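Below: one structure, written as structure tokens.
Naming convention: chains lettered A, B, ... in sequence-line order (proteins, then strands); numbering from 1 in each chain. Predicted model only: the values in this text are computed from it and were never measured.
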Amino acid sequence: MASPFSRWANYRRESVSDESVELGTNGLEQEKARRLGSLDALRAQGTNPYPYRFDRSHTLGEIRNEFGALEAGSETDTHVTVAGRILLKRDQGKLIFATLQDRETSIQLFVSKAIVGDDTFDAINNLDLGDWVGATGIVMTTRKGELSIKVDSVVLLSKAVRPLPDKWHGLTDTDTRYRQRYADLIGNEESRRMFAVRHAVIASFRRTLHERGFIEVETPVLHVEPGGAHARPFVTHHNALDMTLYLRIALELHLKRLIVGGMERVFEIGRVFRNEGISTRHNPEFTMMELYQAFADYTDIMDLTEVLFVNAANDATGSSTVLIDDLPVDLAKPWRRVRMIDLVKEATGVEVHPSQPREQLVALAEKHGVKVLPHFGPGKIIEELFEATCEAALREPTFVTGHPVEISPLARVDRNDPYLTERFELFVGGRELANAYSELNDPVEQRLRFEDEQKSKEAGNAEAGSVDEDFLRAMEYGMPPTGGLGIGMDRLVMLIGNAQSIRDVILFPTLRLEAF
RNA sequence: GCGCCUUUAGCUCAGCUGGUAGAGCAACGGACUCUUAAUCCGCAGGUCCUGGGUUCGAUCCCCAGAGGGCGCACCA
């Protein structure tokens, strides 16, 4: 036979029957063998267990909306066709109650042998938990008031050959939940909620930014020169061009090129990659939102950041109040704005400033158990002191401003203090969520800053950047005064969704190789 | 990378000083026309993470390794 399908027909017949002989060594294999056996039986009686398409008249949510108030024991004349996955079955002899779940909600199927007849009743009885079905029937409520569909026919939409996780507990093993997110999503309402929050937060950002005239763009993921942040990159290679490429560690340098090009307000929500440790707050690939606004400075960006956060919380949860360390905090109240050097003074009782002699700061650092590496200058030591003595205590949203020039190679010098920059980092719950500057737009100064980075790199700082000549060329064409912002979207979703681990807000987090 | 904890049936979990394993759910057989994690009766299901060692005997003790979690370190 020339039919292109014959091969698969044969494959199907052989593989199923072969396996059903060889399987059966453990519980899972036995269960799969049984379900594969019922696949064969269905095909033998002319039922396709994997049909191509299905039309439904209502989603389960639409039925709940329309008929949620129906009195107990009533029956409508509304005939509906729905689709979903069988999650639970309660067999009553001549009645079957089944819980059908679609992506919004679940609804009960009410199947009576007297209505559907023996054959259909048996077919429904032979469905397994996990099967996808389409069902047609009348909307009704049971005597106890449960909204149900009184079924007159059911069609199998996809046969599940692997059993569902525990119907009550779902999956709890974190490893399995992350590796088999599909199984986690089937059974865990909380997991589905978290990704709904994630969607809402990102959609909210787009809405807020579009309303303010920002244009969404996409810039390269493969970079010739990884820049815009201090981090170790992933390295890869392009064969045809025979060149080393790096996965981006930030979005910054390309977006600023677009400001040079005159786009005025741009943003990108995209994946960035950092070849560093994994923790409850770090995943090697994570989602960053960066925006650049011409003619703005970092104080404008602070205002915008507050709006973005409040809108996102409202859109995702209906409230601007979030839980931070289990305590409610209303994001809608103005956030504290305080200089890094003032926070360090509060914490240590000692005045610090990058203009001080390095030895003084080294002594203070040692007093607070901060390790000082040879390539650390005064500014870096102040930042280390800040991280050691202040960062964890910043529970409520706080704009930490005035980072030393040494650690801020892309930020503009503070108009009142040549040792500091017009920069802020936003801390919430002791975690950094955002980073922003009045962007440096003087090409001559930018070159000097890059050269300092290069020197630091040569002095042993593996995270320091180098001179990006193309970026400097862009700056030479002239970038207007600009405010820029970067937000770690995963951490923001953690905040709004009250997640304890970044893995709970990333559908498929990075894990070690699984042994099969 | 370091420390602590953890890994037992498909899923969720028990398992005493060391005497070769149990429950609930799911599955299977049966009863049941209003259940809600249905209930009831019955039955089946195991590389106790892996490899060594101690022991008459190891799921249990020791060593090494693997996976996972948390913390530290790393990480603007």
(request) Just call it for A:Pro284: base, sugar-phosphate, or nothing, with non-hydrogen atoms closer than 4.0 Å on any strand. (result) nothing
(message) Counting the atoms with a prime plus P, OP1 and OP2 as sugar-phosphate, which does A:Asp175 contact under 4.0 Å by heavy atoms, base, sugar-phosphate, or nothing?
(response) sugar-phosphate
(message) One thing to verify: whether A:Lys455 and A:Asp452 come together as a salt bridge, which I'm taking to mean a side-chain N less than 4.0 angstrom from a carboxylate O.
(response) yes
(message) Using side-chain heavy atoms (C-beta onward) and a distance below 4.5 Å, is A:Arg412 in contact with A:Glu439?
(response) no
(message) Any base atoms under 4.0 Å from A:Thr172, or only sugar-phosphate, or nothing? Heavy atoms, all strands.
(response) sugar-phosphate
(request) Find the distance A:Glu29:CD to B:U47:P and express it as a whole number of Å. (result) 11 Å
(message) Could you tell me how far B:G15 sits from B:A9 if I compare only their P atoms? Round to whole Å.
(response) 15 Å
(message) On the nucleotide B:A38, are OP1 or OP2 found under 4.0 Å from the side-chain N or O atoms that A:Lys167 carries?
(response) yes
(request) Examine B:G68: is either OP1 or OP2 under 4.0 Å from a nitrogen or oxygen in the side chain of A:Arg179? Give yes or no. (result) yes
(message) When you measure only distances, ignoring hydrogens and angles, does the side chain of A:Gln30 come within 3.5 Å of the base of B:A44 through a donor and an acceptor?
(response) no
(request) Provide the distance between the two P atoms, one in B:G30 and one in B:U36, to the nearest whole Å. (result) 23 Å
(request) Check whether any side-chain heavy atom of A:Asp128 lies under 4.5 Å from a side-chain heavy atom of A:Val161, and answer yes or no. (result) no
(message) Taking syn as a glycosidic torsion within 90° of 0 and anything else as anti, which one is B:U20?
(response) syn
(request) For the residue pair A:Arg193 and A:Asn188, confirm or rule out a side-chain donor-acceptor distance under 3.5 Å. (result) no
(request) Check every strand shown and say whether A:Glu146 touches a base, only sugar-phosphate, or nothing at a heavy-atom separation below 4.0 Å. (result) base
(message) Taking B:C60 as the reference, what is the distance to B:A21 when you measure between their P atoms (whole Å, please)?
(response) 13 Å
(message) With nearest nucleotide decided by heavy atoms, which residue, A:Lys380 or A:Asp91, maps closer to the 5′ end of RNA chain B?
(response) A:Asp91
(request) Grab the NE2-P distance between A:His169 and B:A14 for me, whole Å please. (result) 11 Å
(request) Round to a whole Å and report the spacing from CD of A:Glu189 to C1' of B:A37. (result) 15 Å
(request) State which of B:U36, B:G10, B:U33 makes the closest approach to the side chain of A:Pro163. (result) B:G10
(message) So that I know where these two stand, are A:Tyr292 and A:Tyr437 an aromatic pair - ring centroids less than 6.0 Å apart?
(response) no
(message) I'd like to know if A:Asp173 reaches the base of B:G68 with its side chain such that a donor and an acceptor end up less than 3.5 angstrom apart.
(response) no
(message) Say we look at B:G18 and B:C56: how far apart would their C1' atoms be, to the nearest angstrom?
(response) 12 Å
(message) Looking at A:Thr280, I'd like to know whether one of its side-chain N or O atoms comes within less than 4.0 Å of OP1 or OP2 on B:G71.
(response) yes
(request) May I ask you to evaluate whether A:Arg90 reaches the phosphate of B:U39, defined as a side-chain N or O under 4.0 Å from OP1 or OP2? (result) no
(request) Would you kindly give the CG-to-C1' distance between A:Leu511 and B:G69, to the nearest whole Å? (result) 12 Å
(request) Calculate the interatomic distance between A:Arg431 atom CZ and B:C74 atom C1'; express it in whole Å. (result) 18 Å
(message) Regarding A:Gly170, tell me which of base, sugar-phosphate or nothing describes its non-hydrogen contacts under 4.0 Å with the strands shown.
(response) sugar-phosphate
(message) Of the listed nucleotides (B:C72, B:U36, B:C11), which one gets closest to any side-chain atom of A:Asp166?
(response) B:C11
(message) Between B:G45 and B:U54, how far apart are the two P atoms, rounded to whole Å?
(response) 34 Å
(request) Check whether more than 12 heavy atoms from other residues, nucleotides or ligands sit under 6.0 Å from atom CZ of A:Phe195, and answer yes or no. (result) yes
(message) Using heavy-atom distances to pick each residue's nearest nucleotide on RNA chain B, tell me which of A:Glu276 and A:Met140 is more 5'.
(response) A:Met140
(request) Could you check which nucleotide pairs with B:G3 in any of the strands shown, counting Watson-Crick or G-U wobble with both distances under 3.5 Å? (result) B:C70
(message) Work out how far the C1' atom of B:C70 is from that of B:A58, and round it to whole angstrom.
(response) 29 Å
(message) For a quick check of understanding: with a heavy-atom distance under 4.0 Å over all strands, which category does A:Ser408 fall into, base, sugar-phosphate or nothing?
(response) nothing
(request) For B:U12 and B:A64, measure between their C1' atoms and round to the nearest Å. (result) 31 Å
(message) Just the rounded figure in Å: distance from C1' of B:A37 to CG of A:Leu129.
(response) 12 Å
(request) Please state the C1' separation for the pair B:G65 and B:A27 - nearest whole angstrom. (result) 35 Å
(message) Using a 4.0 Å heavy-atom cut-off, does A:Leu164 contact any base of the nucleic acid, only the sugar-phosphate backbone, or nothing at all?
(response) nothing
(request) Using whole Å, report how far CG of A:Asn125 lies from P of B:A31. (result) 11 Å
(request) Rounded to the nearest angstrom, tell me the gap between atom CG in A:Leu171 and atom C1' in B:U12. (result) 10 Å
(request) Classify the nucleic acid contact of A:Gln92 as base, sugar-phosphate or nothing, counting any heavy atom under 4.0 Å across all strands shown. (result) base
(message) Does B:G69 have its OP1 or OP2 closer than 4.0 Å to a side-chain nitrogen or oxygen of A:Arg503?
(response) yes
(message) Can you give me the closest heavy-atom contact between A:Lys89 and A:Leu129, atom names plus distance?
(response) N-CD2, 3.8 Å
(request) Have a look at A:Asp468 and tell me which of A:Lys256, A:Arg447, A:Arg257 forms a salt bridge (charged side-chain N to carboxylate O under 4.0 Å, His left out) with it. (result) A:Arg257
(request) Just name whichever nucleotide pairs with B:U54, Watson-Crick or G-U, keeping both distances under 3.5 Å, else none. (result) none
(message) Over all strands shown, is A:Leu88 touching base, sugar-phosphate only, or nothing at heavy-atom distances under 4.0 angstrom?
(response) sugar-phosphate
(request) Show the numbers, then the answer: is there a side chain to side chain contact (heavy atoms under 4.5 Å, CB included) between A:Arg64 and A:Ile107? (result) CA-CA 8 Å; A:Arg64 282 214 177 277; A:Ile107 227 163; 4.0 Å; yes
(request) Look through every strand shown and name the nucleotide pairing with B:C11 as Watson-Crick or G-U wobble, where both distances are under 3.5 Å. (result) B:G24
(message) At 4.0 Å (heavy atoms only), tell me whether A:Ala183 reaches a base, stays on the sugar-phosphate, or touches nothing.
(response) nothing
(message) Classify A:Arg143 by what it touches in the nucleic acid, base, sugar-phosphate, or nothing, heavy-atom distance under 4.0 Å.
(response) base
